[in-house]
Amino acid sequence: MKSKILGFIAVGLLAGPFSAHATLVSWQFGGTLNTVSGTASEISGVAAGDAFSVTLTFDTAAPVTNGCGGGIGTTCRHDGAGAQLAFTSLQLGNKSFPEFGIDPNRNVIIVRNNVDFSGSTVDGYSWGGADYDAGTNERQGIALILRGSQDLNVVSDGRVLPALPPPGMLSWSTRAFEICVGISSNGGQSSGCEIAFVNGTVNRVSAVPEPGSLALLGLGLAGLGLSRRRRAY
């Protein structure tokens, strides 16, 4: 009887991490670089054809704000108090960066849930971070854009910002990863990308388990192993 109880506990622990509804989630994006250009020494040795990966952490309950554009039906969710958006563990070819320095006040999550002028669905997500140094007039930005013909009303768990990557995301028409660093001509709103420009195509997206979920998963596996050992005797 005790072994059965241990087995039920283990199954519950295994299911727990997947049923937990965390607000802050992390996804890892990876793919292949298409374009690398610019004068920055940080990207020397990085070339088109190299692999890239980046981990994006964002708040699925980020507050809705207005004024970011994007067209009819677009929902904009900004970073700031009560929300988070961070790019970490950036890998470009053989170059590693622990994080990409961005200003929380310039971060934005754009959710498109509409159609374009041709009637095609352009639902999807854009996560963007930016920073502007008024002293050097330098602007840097990083973005992940995934968009295609999938109705956002039917994504995982029904939320506009899902906890898990939506099924079929890798079949979407737009799966771009971009970094742009340049001198701004209009106070940080935009810039050329002469200092650094990196563009890539995303070909894999996966959820990154939280440390707490990994611990529960380990306990669950241990419980299953113990119950099987007891049955063997």
Side-chain angles (χ1 to χ4, degrees), residues 24-60 62 70 77 79 84-102 106-113 116 120-131 139-152 155-156 160-182 191-210:
L24 197 63
V25 300
S26 294
W27 295 2
Q28 186 179 65
F29 298 79
T32 305
L33 297 177
N34 302 322
T35 306
V36 179
S37 64
T39 60
S41 60
E42 289 84 356
I43 59 172
S44 63
V46 180
D50 286 350
F52 76 85
S53 66
V54 61
T55 298
L56 174 65
T57 298
F58 63 97
D59 189 351
T60 60
R77 294 170 182 260
D79 200 354
Q84 278 190 289
L85 173 59
F87 295 82
T88 58
S89 305
L90 175 61
Q91 184 82 27
L92 303 175
N94 61 359
K95 300 292 183 70
S96 298
F97 309 87
E99 61 184 333
F100 196 84
I102 48 181
R106 291 177 177 267
N107 295 351
V108 63
I109 303 171
I110 299 177
V111 181
R112 293 178 183 267
N113 192 10
D116 63 15
S120 300
T121 303
V122 291
D123 289 8
Y125 306 93
S126 298
W127 294 273
D131 184 70
R139 182 186 189 277
Q140 59 179 347
I142 184 169
L144 280 158
I145 304 167
L146 292 98
R147 194 171 302 132
S149 55
Q150 180 167 348
D151 186 358
L152 291 185
V155 298
S156 301
V160 178
L161 285 172
L164 299 174
M169 175 177 275
L170 291 179
S171 67
W172 290 2
S173 57
T174 301
R175 306 190 313 277
F177 161 76
E178 288 189 349
I179 293 175
C180 171
V181 183
S191 70
C193 302
E194 67 270 23
I195 296 175
F197 177 69
V198 176
N199 170 273
T201 300
V202 176
N203 57 33
R204 63 182 186 276
V205 185
S206 60
V208 179
E210 299 174 14

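Closest approach of Ile145 and Ser126 over heavy atoms only: CG2-OG, 3.6 Å. Pairing each heavy atom of Trp172 with each of Arg147, the nearest pair is CB-O, 3.2 Å. The nearest pair of heavy atoms linking Pro165 to Val205 is CG-CG1, 3.7 Å. Between Ala207 and Leu164, the shortest heavy-atom distance links the atoms CB-CD2, 3.7 Å. Contact between Met169 and Arg175 at its shortest, heavy atoms only, is O-CD, 3.8 Å. Nearest heavy atoms, Trp27 versus Pro166: CH2-CD, 3.8 Å.
Within the model, atoms CZ of Arg204 and CD of Gln28 stand 6.5 Å from one another, a figure rounded to the nearest 0.5 Å. Rounded to the nearest 0.5 angstrom, Ile195 CD1 and Arg139 CZ are separated by 12.0 Å. Note that CD of Glu178 is 9.5 Å distant from CG of Asn34, once rounded to the nearest 0.5 Å. The CG atom of Leu90 sits 11.5 Å away from the NZ atom of Lys95 when rounded to the nearest 0.5 Å. The structure places OG1 of Thr174 at 12.5 Å from CG of Leu144, a figure rounded to the nearest 0.5 Å.
Phe87 meets the ring-ring contact (aromatic ring centres under 6.0 Å, His included) test with no other residue; sequence neighbours excluded. Scored by the ring-ring contact (aromatic ring centres under 6.0 Å, His included) test, Phe100 finds no partners at all (sequence neighbours excluded).
Side-chain contact between Val202 and Leu170 is present, with at least one heavy-atom pair separated by less than 4.5 Å. For the pair Ile142 and Ile179, the minimum side-chain heavy-atom distance is below 4.5 Å. Side-chain contact between Cys193 and Ser37 is absent, with no heavy-atom pair separated by less than 4.5 Å.
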For a quick test of your reading: what N or O donor-acceptor pairs under 3.5 Å do the side chains of residues 43-58 make, sequence neighbours left out?
residue: Ser44; atom: OG; partner: Ser41; partner atom: O; Å: 2.8
residue: Asp50; atom: OD2; partner: Ala47; partner atom: N; Å: 2.9
residue: Thr57; atom: OG1; partner: Ser26; partner atom: OG; Å: 2.7

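Note on ring orientation: taking the six-membered ring where Trp is involved, the planes of Tyr125 and Trp127 are parallel (angle under 30°, cut-offs 30° and 60°).
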Derivation and outcome, side chain to side chain contact (heavy atoms under 4.5 Å, CB included), residues Leu92 and Phe177: CA-CA 11 Å; Leu92 303 175; Phe177 161 76; 3.9 Å; yes

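With 3.5 Å as the limit, one finds a donor-acceptor pair spanning the side chains of Ser96 and Gln91.
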